[in-house]
Amino acid sequence: MQPALNATVFLVDDDASVREALAWLLRSRHVPSDSYDSAEAFMRMLQTGFVPTQPCCLLLDVRMPGMSGLALFDQLALRGLVQAMPVIFLTGHADVPTAVAAVKRGAFDFCEKPFSDNALVDRVEQALQQSAQILQARSAQTSAQSRLAGLTEREHDVMRLVVEGLPNKLIADQLNISVRTVEVHRSRVFDKMEVKSAVELANALRNV
């Protein structure tokens, strides 16, 4: 699997040797990383207004002085970040049950120390692919909402009936306008929504 373009892996671990080893491992697979020595340091980065716009994921140690990895995960979940920034826990044997519980609450995975380098990077690449898909879906939704907002009230009326499958004649009768006017509005709706058929229009609206 190829790493997602422009991706970043965030590393949060209080052990400098672990951070350096992980950063080296990721560089060997051409995956950039950004390291933090505590959950608090990562939170300070988030508080600068960070919003994921490029694929990313987080390798997070469970046990750290101060805020634990689990407490940081809860903060990320509250901020709605764990889908666009999947979290992979790094955990010792004693932490496995809590890490498994975190996976059930939405974490992407956990890797037990000592972990297989290849298995870990494979999961990182899968997490980055998920992040890329989430960001792409959100971008498509935002774009569709913007196009929809550009329709006039009458175009909304015509669009609703087109999606219901009504032919132009029945739409004209229901809206008390001419068939030619319906055709004009229908064409404008398709142009503004960037679709070529009623089926494409219905599909586009499902993502709004």
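These numbers come from a predicted model, not from an experiment.
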Practice prompt. Could you tell me which residues satisfy salt bridge (Lys or Arg N to Asp or Glu O under 4.0 Å) with Arg27, sequence neighbours excluded, listed by chain and number?
Written response: none
Item to complete: Starting at CZ of Phe73, measure out to CG of Leu58 and round the result to the nearest 0.5 Å.
Response: 10.0 Å
Discussion item. Is there a continuous path of hydrophobic side-chain contacts, each under 4.5 Å between heavy atoms, that joins Tyr36 to Leu70?
Written reply: yes
Worksheet entry | Side chains of Thr142 and Arg138, donor plus acceptor under 3.5 Å | no
Practice prompt. Side-chain contact test, heavy atoms from C-beta onward, threshold under 4.5 Å: evaluate it for Asp14 versus Asp37 and give yes or no.
Written response: no
Item to complete: Indicate, with yes or no, if Met193 and Val184 share a hydrophobic cluster defined by side-chain heavy-atom contacts under 4.5 Å among Ile, Leu, Val, Met, Phe, Trp and Tyr.
Response: no
Worksheet entry | Test log, rule salt bridge (Lys or Arg N to Asp or Glu O under 4.0 Å), inputs Asp74 and Arg105 | CA-CA 9 Å; Asp74 288 340; Arg105 301 204 317 272; 2.6 Å; yes
Discussion item. If you apply the rule side chain to side chain contact (heavy atoms under 4.5 Å, CB included), what do you find for Leu11 with Val18, and how did you get there?
Written reply: CA-CA 9 Å; Leu11 309 174; Val18 171; over 6 Å; no
Worksheet item: Quick check: are there more than 12 heavy atoms from other residues, nucleotides or ligands sitting under 6.0 Å from CD of Gln83?
Response: no
Discussion item. Any donor-acceptor pair under 3.5 Å linking the side-chain atoms of Asp15 with those of Ser17?
Written reply: yes
Item to complete: Mind checking the CE-CE spacing from Met43 to Met67? Nearest 0.5 Å is all I need.
Response: 5.5 Å
Practice prompt. Walk me through it: do Lys113 and Thr91 pass the test side chain to side chain contact (heavy atoms under 4.5 Å, CB included)?
Written response: CA-CA 6 Å; Lys113 298 176 181 177; Thr91 177; over 6 Å; no
Worksheet item: Is there a side-chain contact between Leu148 and Lys192 (heavy atoms, below 4.5 Å)?
Response: no
Discussion item. Before you tell me yes or no, could you show the steps for Arg19 and Asp13 under salt bridge (Lys or Arg N to Asp or Glu O under 4.0 Å), namely the whole-Å CA-CA distance, both residues' side-chain angles and the distance that decides it to 0.1 Å?
Written reply: CA-CA 6 Å; Arg19 296 196 305 273; Asp13 197 306; 5.6 Å; no
Discussion item. Under 6.0 Å between ring centres: does that hold for Phe115 and Phe110?
Written reply: no
Practice prompt. Using the salt bridge (Lys or Arg N to Asp or Glu O under 4.0 Å) rule, take Asp157 and Arg154 through it: C-alpha gap first, then chi angles, then the decisive distance, then the call.
Written response: CA-CA 5 Å; Asp157 293 339; Arg154 179 58 84 188; 3.6 Å; yes
Fill in: Stepwise side chain to side chain contact (heavy atoms under 4.5 Å, CB included) check, Asp61 with Val12
CA-CA 6 Å; Asp61 189 22; Val12 179; over 6 Å; no
Discussion item. Are the side chains of Leu81 and Val87 in contact, using a 4.5 Å heavy-atom criterion?
Written reply: no
Discussion item. Would you say Leu26 ends up clustered with Trp24 if hydrophobic residues are merged whenever their side chains have heavy atoms under 4.5 Å apart, either directly or through other cluster members?
Written reply: yes
Discussion item. Walk me through whether Leu175 and Val158 qualify under side chain to side chain contact (heavy atoms under 4.5 Å, CB included).
Written reply: CA-CA 8 Å; Leu175 299 179; Val158 171; 3.7 Å; yes
Worksheet item: Once you round to the nearest 0.5 Å, how far does CZ of Arg180 lie from NE2 of His185?
Response: 11.0 Å
